[in-house]
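Worksheet for the structure shown next.
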Amino acid sequence: MFRFEEPIYLYLLAVIPVLALVRWLLERKQHKRLRKFGDPELLSQLMPDVSRWRPAAKFWTLEAALALLIVMIARPQMGTRISHDKRTGIETIIAMDISNSMLAEDVAPSRLDRTKMMVENLVDNFTDDKIGLIVFAGDAFVQLPITSDYVSAKMFLSDIHPSLMATQGTDIATAINMATNSFTQQQGVGKAIIVVTDGEDHEGGALEAAKDAKKKGMRVYVLGVGSPNGAPIPLGNGNYMKDRTGNTVMTKLNEEMCRQVAEAGGGAYIHVDNNSNAQQQLDNELSKLTKKEMQSTIYSDYDEQFQAFGIIALILLIIEICILDRKNPLARRINIFGRRQRTATVLLLLFAATAAVAQTDRQYVTSGNKLFRNGQFDQAEVAYRKAIEKNPRNPQAHYNLGNALMAQKKDSAAVQSLQKSTELETSKIRKAMAFHNMGVVCQQHKMYGEAIEAYKSALRLNPKDDATRYNLELCKRQQKNQQNQKNQNQQDKDKKDKNGKDKKNDKQKNDKQDQNKKKENKMSKENAEQMLNAAMQQEKSTQQRIKKAMQRPRSAKLDKEW
């Protein structure tokens, strides 16, 4: 399919007939002036070197070149080839929990970011499989229908945030039911539902939904993200989420519920923490599913085709220069209208058009660099990936792809691209830059040991890089502060335990003294009656408050906003 990215510039083509009309009027006026001098046939015999057709050929050549230039700036594009490929793989629907509890940071950098990194790595490992994406909290919706377009899957993944869901909470049952209805109707192919959650199911019904999915031939895998010890939910302003009573919310991973859902769905439960074991376990589980030949519809992107129009316009301008107004020996020597010359011109045009249509990996890198400078990081990623498809051993494409992924906070994939760049790059300076960026990513995630090693590798290749040297020293200090903080926390914990024991002993001693005082001091009858009446009045007030609270309607979704 052919299209124009900037079709508004095509209105400039109206200049072409206007210029033709102006030339016709001027030519007509010129003929009238010549008739005043004499008969036109006599004048043509008196001026044998004047050509009647060459000025017209020059004009229309310029008109054609101008038209091609206008078409060129309208950015003609060719693409959207719809190809039906047959692949052997499985179908996977990923249901991601994006409730507020997924913002907890008991898994670095956070539960949600860790989930994104894991899903991104899963997509990178897919080759002939289909993938779909569902997000859920108190409700659920399809973020990406099942497809083989992995680039689109990554683009949708980067936009996921709890703010997408108006209704908070965690409704796992709705997510599983929606995933069950999102697969294709093809029979015999392995179908997996991967639920990524912290297991705080506020609505119930997850076990029944998992059993129903199993009956329909689907496997339900549950990835439990978080720590069973719990963690507060940061609000982004330095504070933490509180419940209606003013207490800080501590969200905990419900491993027991996750195991039950996975068992009911015929799948497996995998605990996700700060190591990479969960990724390997998930890949092993998915490899057990039945793979079958599937038909996939692939939509290719639009490719720029202005190069062909630009080269043809340039050739027309050269031809216009070669056409002379008068008949003379020089014009005969450079006559481009002969048989040989016409054949050579046609071949040259065909070669130029063919060369312009073919996109090389360097052209894709150049296009990606322009998009990157304009802040269009997702589109730049697509361009760099196309360059890698053309030439997988292009280190610049891998390096630039890593930078584009860093700009989109896809740090796990960014490190992989940068690592690949260091393996292929021959220039020490560019290889050092890749190691430097790897160190920056690790330092941001407080992986100071890995960051220090990356900075050291960069300095070995480029000892004059002051920025890397500064980051290295800063990283060493941060690592030291982190270790000191851990030691301080341990000391505080030990001190707290010791103080707790001392306070307990003091309390027991004070209680014993109070008992002795009570025995010594006898309470008068009048004081006893006053205290009894006050206790009865307090009990009556308490019963009234409990009765009002029991009569007040409550909603689970409104009580829990995480």
Side-chain angles (χ1 to χ4, degrees), residues 1-34 50-81 300-328 330-360 362-364 366-371 374 376 379 383 386:
M1 184 181 292
F2 187 81
R3 75 169 189 181
F4 291 97
E5 180 68 19
E6 304 289 345
I8 190 171
Y9 290 109
L10 295 177
Y11 288 110
L12 294 175
L13 291 174
V15 176
I16 304 299
V18 172
L19 293 176
L21 178 61
V22 171
R23 182 183 183 280
W24 180 76
L25 294 174
L26 293 176
E27 192 176 31
R28 184 179 179 184
K29 187 175 181 180
Q30 184 180 11
H31 289 165
K32 288 182 179 180
R33 291 178 179 175
L34 289 175
V50 176
S51 174
R52 180 180 179 183
W53 302 106
R54 289 178 183 269
K58 287 174 64 69
F59 174 79
W60 290 111
T61 302
L62 284 175
E63 285 274 83
L66 179 60
L68 288 172
L69 291 174
I70 293 174
V71 172
M72 186 178 68
I73 64 175
R75 293 183 62 187
Q77 296 178 339
M78 183 75 71
T80 63
R81 297 188 312 271
S300 63
D301 293 326
Y302 288 98
D303 292 331
E304 300 285 351
Q305 303 297 330
F306 67 89
Q307 300 94 334
F309 294 91
I311 292 178
I312 296 173
L314 179 62
I315 293 174
L316 290 177
L317 292 175
I318 295 174
I319 293 174
E320 191 274 337
I321 295 174
C322 294
I323 300 175
L324 301 179
D325 289 330
R326 296 178 177 275
K327 299 176 183 178
N328 53 33
L330 179 60
R332 296 189 188 96
R333 291 194 202 102
I334 61 174
N335 180 19
I336 65 171
F337 299 103
R339 179 179 298 176
R340 294 181 179 179
Q341 289 78 3
R342 284 199 302 268
T343 304
T345 303
V346 171
L347 292 176
L348 180 61
L349 292 176
L350 290 175
F351 174 77
T354 304
V357 169
Q359 287 268 36
T360 65
R362 292 189 177 183
Q363 289 174 326
Y364 280 124
T366 302
S367 176
N369 293 343
K370 182 178 180 182
L371 293 169
N374 293 334
Q376 299 173 333
Q379 297 182 28
K386 287 184 178 181

Check your understanding: Just how far is it from atom NZ of Lys58 to atom CD1 of Ile321, taken to the nearest 0.5 Å?
Key -> 8.0 Å
**Study point:** Main-chain N/O of Arg362 paired to Thr366 side chain as donor or acceptor, under 3.5 Å
**Key:** yes
Check your understanding: Measuring from Ile73:CD1 to Ile8:CD1, what's the distance to the nearest 0.5 Å?
Key -> 11.0 Å
Exercise for review: Nearest 0.5 Å please: distance from the CG atom of Leu68 over to the CG atom of Leu13.
Suggested key: 9.5 Å
**Study point:** Gap separating the CD atom of Glu27 from the CZ atom of Phe59, nearest 0.5 angstrom
**Key:** 9.5 Å
Check your understanding: Looking at Tyr9 and Ile70, what are the two nearest heavy atoms and their distance?
Key -> O-CG2, 3.4 Å
Review point. Taking all atoms of both residues into account, what is the closest heavy-atom pair of Ala20 and Trp60, and its distance?
Key: CB-CH2, 3.7 Å
Exercise for review: State the CD-CG distance between Glu63 and Leu316, to the nearest 0.5 angstrom.
Suggested key: 12.0 Å
**Study point:** Nearest heavy-atom neighbours spanning Ala313 and Leu69
**Key:** CB-CD2, 3.9 Å
Review point. When rounded to the nearest 0.5 angstrom, what distance separates CG in Leu62 from CD1 in Ile16?
Key: 10.0 Å
